[in-house]
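Just so it is clear, the structure is predicted and the values come from calculations on it, not from any experiment.
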Amino acid sequence: GEIRITGRFTGNGYVLVVTDTGIGMPPNLVSQLNSAETVITEHPKGELKKFQFGYLIIKDLLQIVQGTMTVNSTLDQGTQVSIQLKKA
């Protein structure tokens, strides 16, 4: 797949968008990533575990800087992650 990173200034902050045209994620994982919880309840293995750990780090860091993350994904079509940061 292809990975594209774009960013833009909005009136009240910045948005960083990462688009991956890879395999996508199942709806239950997308739901967990979009929740306010920082714990993913499933116990993945191998590569899936590595990428979920990365999302957990991002979510923790966003809490520190008061940012937010929104994940949209469709299996076999890819994933788009939007990170919103408030203007300092």
Hydrophobic cluster identity match, L62 and V30, side-chain contacts under 4.5 Å: yes

Between T10 and G13 (side chain of the first, backbone of the second, donor and acceptor by atom type, cut-off under 3.5 Å), is there such a pair? yes

Nearest 0.5 angstrom please: T6 OG1 to Q80 CD, how far? 7.5 Å

Look up atom CD1 in I23 and atom OG1 in T74, then write down how far apart they are to the nearest 0.5 Å. 13.0 Å

Among residues two or more places apart or on two chains, list those pairs meeting ring-ring contact (aromatic ring centres under 6.0 Å, His included) that have a residue in residues 7-26. F9-Y14

Considering the options L29, N34, V18, which one meets the side chain to side chain contact (heavy atoms under 4.5 Å, CB included) requirement together with V71? N34

Contacts of R4 that satisfy salt bridge (Lys or Arg N to Asp or Glu O under 4.0 Å) - sequence neighbours left out: E2

Please table the atom pairs, donor to acceptor, closer than 3.5 Å between any side-chain atom in residues 81-88 and protein atoms at least two apart or in another chain.
residue: Q84; atom: OE1; partner: T68; partner atom: OG1; Å: 2.5
residue: Q84; atom: NE2; partner: S82; partner atom: O; Å: 3.4

If every non-hydrogen atom of K59 is compared with every non-hydrogen atom of S35, which pair is closest and at what distance? NZ-O, 2.9 Å

Measure the OG1-CG distance between T21 and D76 for me, rounded to the nearest 0.5 Å. 12.0 Å

Within this structure, what is the CE-CD distance for the pair M25 and Q77, rounded to the nearest 0.5 Å? 13.5 Å

Given side-chain contact (heavy atoms from CB on, under 4.5 Å), test I64 with D60 step by step and report yes or no. CA-CA 7 Å; I64 293 169; D60 286 344; 5.8 Å; no

Value for CG (D20) from CD1 (I3), rounded to nearest 0.5 Å, stands at 4.5 Å

Can you get from V15 to V65 by hopping between Ile, Leu, Val, Met, Phe, Trp and Tyr side chains that sit under 4.5 Å apart? no

Do L75 and Y55 share a hydrophobic cluster, counting only Ile, Leu, Val, Met, Phe, Trp and Tyr and linking them when any side-chain heavy atoms are less than 4.5 Å apart? no

